[in-house]
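The next block holds one structure in the form of structure tokens; read it before the comments.
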Amino acid sequence: MTVRVRFAPSPTGYLHIGNARTGLYNWLMARAEGGVFILRSDDTDQERGRDEYYDDIIDGLRWLGLDWDEGIEVGGPHAPYKQSQRLDRYREVVTALVEAGAAYRCFCTPAELEERRQVAQQEGRPPGYDGRCRAIAPADSASRAGGGEAASIRFAIPRPGETVFDDVVRGEVRFEHANVDDFVILRSSGVPTYHLASSVDDVDFGITHVVRGEDLLSSTPKHILLGGAIADALGVTSDITYAHLSLLMGPDGKKLSKRHGDTSLRAYREGGYLPEAMVNYLALLGWSPGGDETVVSRAEMVKRFDIDDVLKNPAIFDVEKLEWMNGVYIRDLGADEFVSRTLPLVEADAGRALDDAEQAAYATIAPLVQERTKLLTEVPAQVRFLFVDEVGYDESAWDKVMTKPEARPSLEGALEQLEAVSAWDHATIETALRSMLDELGIKVGKGLQPIRVAVTGSSVSPPLFESLAVLGRDRALARLHTAAGLL
RNA sequence: GGCCCCGUCGUCUAGCGGCCUAGGACGCCGCCCUCUCAAGGCGGUAACGCCGGUUCAAAUCCGGUCGGGGCUACCA
């Protein structure tokens with residue numbers, strides 16, 4: 001049987017990196033098994049759901065390169081894949097469930113439920129629903145409903161009983177039904193809850209494996225029982241295997257949240273991370289290709305991924321390692337690719353489009369910048385000196401470098417040598433400057449810094465000779481003049 | 001509180017009863033290279049939470065304990 005997995009986020013927030021990892025594992029499993037990856041939108045929460053979030057989820061998955069075979073936007077045999085468009089189907093299934101005696105109307109009001117919950121908690125009893133409306137005779141229930149009394153529909157958990165299942169990553173997990181309450185499947189508003197919509201869809205869509213976060217582990221007996229009842233009521237079969245992924249934690253070991261920094265995938269995308277690096281890093285949080293490899297291509301992952309190998313212990317999201325890995329992927333980019341991915345950032349920083357000559361200048365210096373960047377967003381600052389009329393001096397760089405005794409002789413010597421030089425390329429510049437410093441008895445490391453600050457405004461820059469070459473003679477000399485005049 | 005899950009260097013992990021004086025990667029420290037910063041090379045730091053048990057032998061199996069996490073809604 002072909003594997004059919006689904007990723008079913010709720011559009012109640014920007015795509016979270018933990019969720020992105022869940023999506024990735026689903027995708028990896030589908031691709032590794034030659035299965036089908038389905039993207040569904042679990043948007044039954046009308047209060048919190050927003051189109052902006054829905055779009056963000058799609059953008060995020062596409063950015064990561066996690067293509068789906070069926071689902072929202074792309075359609076498929078079970079369309080629509082948006083739960084908010086399947087409301088009638090859910091009500092129909094609920095009706096069948098009530099008729100089959102698997103679910104019942106609950107006339108308790110929210111206020112009553114809240115009050116009883118408080119009391120139960122104080123008395124040390126389970127706070128879940130006590131099941132009192134389950135005792136109402138079907139005929140009475142129907143007539144009360146017919147009389148217009150508001151009711152929600154609850155699923156009748158078989159009692160007594162126990163649900164035992166074999167979770168792919170956790171092994172055998174068991175829940176006594178005494179600890180599972182009769183949960184609401186249809187709100188009194190007529191809108192289904194997540195549990196119902198998700199279970200109906202999993203049956204309707206022929207899902208074979210549910211791979212999701214551990215936060216849903218304790219809801220699993222509900223889903224197994226509900227799913228079974230749905231399949232029975234509908235006269236179909238459904239056999240779903242569950243795999244619960246551990247959660248992503250923050251540096252303090254608590255569930256990853258806002259206070260740990262950025263948790264939305266978009267923040268990383270905007271922060272200069274490459275999707276390839278993100279995918280590689282996320283995949284390794286809870287899974288290993290075995291052996292000593294850390295940098296693993298997407299194709300290699302697909303080849304080696306096995307949901308059975310996924311680790312059950314939670315992983316802490318470590319931005320530093322992600323950053324290192326991003327650097328690895330950036331260095332691995334082709335020169336042209338690096339330029340095309342960063343040019344927009346450089347232009348945005350400059351506040352204008354670069355003309356052809358400037359683009360050529362950028363392309364020349366880019367490989368040297370590429371070697372020393374971990375985040376695409378760091379690039380503009382490194383080449384800004386090429387695209388501004390006047391460099392702004394970094395205050396601490398100036399104080400540190402320009403107050404040294406070698407600053408004046410170095411700048412003046414450079415001016416003298418570079419004005420006389422016959423060609424303007426980095427080799428010529430290098431020869432001229434090195435011999436100048438040699439004659440003055442100034443160490444290269446010391447002597448080049450004032451020139452660097454004069455030309456780039458910073459004590460940190462791409463290699464100096466190349467920088468000077470790309471800057472052009474006129475601008476280079478002008479900057480040396482300006483700086484020398486400020487000493 | 002109740003139910004459930006988890007436990008190898010600071011972090012991600014390899015390990016699936018003897019190959020382990022526990023391997024790799026990030027980080028950190030030192031050295032080398034070097035025009036700055038990176039990158040790179042070399043070396044170093046650092047872990048099987050604890051207690052019992054099973055076994056000739058345990059990081060690997062079992063129990064307990066401690067610690068961490070999740071759930072406990074007419075949210076998902």
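Every chain is numbered from 1, with letters handed out A, B, ... down the list of sequences.
Only the P atoms considered, C51(B) is 23 Å distant from C56(B), to the nearest whole Å. Taking atom C1' in both A47(B) and G7(B), one finds a spacing of 12 Å when rounded to whole Å. G24(B) and C3(B) have their C1' atoms separated by 38 Å, with the value rounded to a whole Å. With P as the reference atom, G49(B) and G68(B) are 15 Å apart, rounded to whole Å. Using C1' as the reference atom, A58(B) and C48(B) are 11 Å apart when rounded to the nearest Å. Of the C1' atoms belonging to U65(B) and C28(B), the separation is 34 Å, rounded to the nearest Å. For the C1' atom pair drawn from C50(B) and C66(B), the interatomic distance equals 7 Å after rounding to whole Å. Using C1' as the reference atom, G69(B) and C74(B) are 27 Å apart when rounded to the nearest Å.
Two residues are said to be in side-chain contact when any heavy atoms from C-beta on lie closer than 4.5 Å; Tyr14(A) and Glu52(A) meet this criterion. In this structure the side chain of Leu256(A) reaches within 4.5 angstrom of the side chain of His16(A), judged on heavy atoms. For the pair Arg105(A)/Glu149(A), no side-chain contact is recorded, criterion being any heavy-atom separation below 4.5 Å from C-beta on.
Side-chain N/O atoms of Arg48(A) and Ser10(A) include no donor and acceptor closer than 3.5 Å. In summary, the side chains of Arg452(A) and Gln449(A) do present a donor paired with an acceptor at a separation below 3.5 Å, with no hydrogens or angles considered.
When both pairing distances are held under 3.5 Å, G43(B) makes a Watson-Crick or G-U pair with C29(B). In a base pair of the Watson-Crick type (N1 to N3 plus N6-O4 or O6-N4) or a G-U wobble (N1-O2 and O6-N3), with each distance short of 3.5 Å, C75(B) is matched with no nucleotide. Summarising the base pairing, C16(B) is matched to no nucleotide, lacking a Watson-Crick or G-U wobble pair whose two defining distances lie under 3.5 Å. The partner of U34(B) is absent, by the rule that a Watson-Crick or G-U pair needs both atom distances under 3.5 Å. If you check G52(B) for Watson-Crick or wobble pairing at under 3.5 angstrom, you find it paired to C62(B).
For a distance-only test at 3.5 Å, the side chain of Arg372(A) qualifies as a donor-acceptor partner of the base of C37(B). For C12(B), the base has a donor-acceptor partner in the side chain of Lys321(A) [N/O atoms by modelled type, under 3.5 angstrom].
Along RNA chain B, the nucleotide nearest to Phe317(A) and the one nearest to Glu293(A) differ in position, and the one closer to the 5' end is contacted by Phe317(A).
Counting only heavy atoms from C-beta on, Asn313(A) has its side chain closest to C6(B) among C6(B), A14(B), C26(B). Which of C12(B), U11(B), C4(B) sits closest to the side chain of Asp318(A) comes down to U11(B). Proximity note for Arg452(A) (side chain, C-beta onward) versus C12(B), A25(B), C35(B): the nearest is C35(B).
Pairing each heavy atom of Tyr281(A) with each of Met325(A), the nearest pair is N-SD, 3.6 Å.
If you measure from atom CG of Leu375(A) to atom P of A38(B), you get 14 Å, rounded to the nearest angstrom. Atom CZ of Arg212(A) and atom P of C4(B) are 18 Å apart (whole Å). Rounding to whole angstrom units, CG of residue Asp306(A) and P of C16(B) are separated by 17 Å. Between the CG atom of Leu448(A) and the P atom of U36(B) there is a distance of 8 Å, rounded to whole Å. Rounded to whole Å, atom C1' of U36(B) lies 14 Å from atom CD of Glu371(A). Atom CH2 of Trp324(A) and atom P of C26(B) are 5 Å apart (whole Å). Rounded to whole Å, the distance from NZ on Lys312(A) to P on C16(B) is 16 Å. Put simply, CD1 on Ile316(A) is 7 Å from C1' on U11(B), counting in whole angstrom units.
Across all strands, Leu464(A) comes closer than 4.0 Å to base atoms (heavy-atom distances). Within the 4.0 angstrom heavy-atom criterion, base atoms lie near Glu466(A).
Against RNA chain B, the stretch residues 434-443 of chain A makes heavy-atom approaches under 4.0 Å through Arg434(A).
Under 4.0 Å is where a charged nitrogen must lie from a carboxylate oxygen, and between Asp394(A) and Lys400(A) no such pair does. Using a 4.0 Å cut-off between charged nitrogen and carboxylate oxygen, Arg304(A) and Glu293(A) count as a salt-bridge pair. Ion pairing of Arg6(A) with Asp42(A) is absent here, as no side-chain N (NZ or NE/NH1/NH2) approaches a carboxylate O to less than 4.0 Å.
Under a 3.5 Å cut-off, the side chain of Asn280(A) and the backbone N or O of Val295(A) do not form any donor-acceptor pair. Although no hydrogens or angles enter the test, the distance criterion places no donor-acceptor pair under 3.5 Å between the side chain of Asn326(A) and the main chain of Leu376(A).
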Nucleotide-resolved protein contact map, nucleotides 65-76 of chain B, B/S/- at heavy-atom distance under 4.0 Å
---SBSSSSBBB
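Between Thr428(A) atom OG1 and Leu433(A) atom CG the span is 10.5 Å, to the nearest 0.5 Å.
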